[in-house]
Amino acid sequence: MSGTKYVDSEGFLYTAPVREQGNIYKPNNKMMADELSEKAVRDVHTKEIDLVNRDPKHLNDDVVKIDFEDVIAEPEGTHSFDGIWKASFTTFTVTKYWFYRLLSAIFGIPMALIWGIYFAILSFLHIWAVVPCIRSYLIEIQCISRVYSICIHTFCDPLFEAIGKVFSSIRATVRKEI
């Protein structure tokens, strides 16, 4: 750490600490400046996606993780032939796998388009309509809340204090008579 020296209004000498690489807005070295400009060019649209873990936030763990054993099960004493059981398992698993792939190939891109448009509209409305309306309402209601607070403190506080003093002198005793 090195820093520049400066004198404050009272004449004391201070050293302002500065990172050797500079700060993130004005880097001192070219390598750091190149890294920052490279990060600024890269955005969320060009980020690499993980083709192995396609549900990193575990959104569908409890919904669509359905295996053969979750749907079809034979209790003790009621078993089909082993070959039938194996063929049923294979048929279920392969059918589920390929039909999902077929449906996602046919409807995946149109649904992604629809959901992209929906969430774009939702984001637009939230950013440009909902939040400004709420902020505007809070600014406007602040004036009313101050007037309301003044009225309450002016008229109600003395009344409640007087009622409190009246009832503070009341003493109650409980006696049990047999």
**Q.** Residues that Tyr100 engages under ring-ring contact (aromatic ring centres under 6.0 Å, His included), provided they are two or more places apart
**A.** none

Q) Is it the case that more than 12 heavy atoms not belonging to Asp50 sit under 6.0 Å from its CG atom? A) yes

(Q) Checking the side chain of Thr90 only, and the main-chain atoms of Ala87 only, is there a donor and an acceptor separated by less than 3.5 Å? (A) no

Q.
Do Phe155 and Phe160 have side chains that approach each other closer than 4.5 Å (heavy atoms only, starting at C-beta)?
A. no

Q: Indicate, with yes or no, if Leu113 and Phe124 share a hydrophobic cluster defined by side-chain heavy-atom contacts under 4.5 Å among Ile, Leu, Val, Met, Phe, Trp and Tyr.
A: yes

**Q.** Connected-component partners of Leu103 among ILVMFWY, side-chain separation under 4.5 Å
**A.** Leu102, Ile106, Phe107, Met111, Ile114, Trp115, Tyr118, Phe119, Leu122

Q) If only atom types and distance count, is the side chain of Thr78 paired as donor or acceptor with the main-chain N or O of Glu74 below 3.5 Å? A) no

Q: Supply the atom-to-atom distance Leu159 CG to Ile152 CD1, rounded to the nearest 0.5 angstrom.
A: 10.5 Å

Q. Has the side chain of Asp67 got a donor or acceptor atom that lies under 3.5 Å from a matching backbone atom of Asp70?
A. no

**Q.** Exam field: side chain Ser149 to backbone Ser145, donor-acceptor pair closer than 3.5 Å
**A.** no

Q: Mind listing the closest non-hydrogen atom pair of Pro158 and His153 along with its distance?
A: CD-O, 3.6 Å

Q.
If I compare all heavy atoms of Thr91 with all of Thr95, which pair ends up nearest, and what's the gap?
A. O-OG1, 2.5 Å

Q: Say whether Val131 and Tyr137 are linked into one hydrophobic cluster, either directly or through other cluster members, by side-chain heavy-atom distances under 4.5 angstrom.
A: no

Q: Could I get the full list of side-chain contact (heavy atoms from CB on, under 4.5 Å) partners for Thr93, not counting sequence neighbours?
A: Phe89

Q. Measuring from Ile141:CD1 to Ile134:CD1, what's the distance to the nearest 0.5 Å?
A. 13.5 Å

Q | Residues clustering with Val94 (ILVMFWY side chains joined when closer than 4.5 Å, directly or via others) | A | Tyr97, Trp98

Q. Is any side-chain heavy atom of Leu51 closer than 4.5 Å to a side-chain heavy atom of Arg54?
A. yes

Q.
With heavy-atom distances below 4.5 Å as the criterion, would you say the side chains of Ile139 and Ser136 are in contact?
A. no

Q: Search all heavy atoms of Asp55 against all heavy atoms of Leu59 and return the closest pair with its distance.
A: OD1-N, 2.8 Å

Q) Once you round to the nearest 0.5 Å, how far does CG of Leu138 lie from SG of Cys133? A) 11.0 Å

Q. Which distance, rounded to the nearest 0.5 Å, do you find between the CD1 of Ile163 and the SG of Cys156?
A. 9.5 Å

Q: Name all residues meeting the side-chain contact (heavy atoms from CB on, under 4.5 Å) criterion together with Glu76; count only those two or more places apart in sequence or in a different chain, and write none if there are none.
A: His79

Pairs of donor and acceptor atoms involving the side chains of residues 171-178, under 3.5 Å and at least two apart or interchain, shall be tabulated with distances.
unit_1, atom_1, unit_2, atom_2, d
Arg171, NH1, Ser168, O, 3.3

Q: Kindly give the heavy-atom pair with the smallest separation between Phe92 and Val71, and that separation in Å.
A: CZ-CG2, 4.0 Å

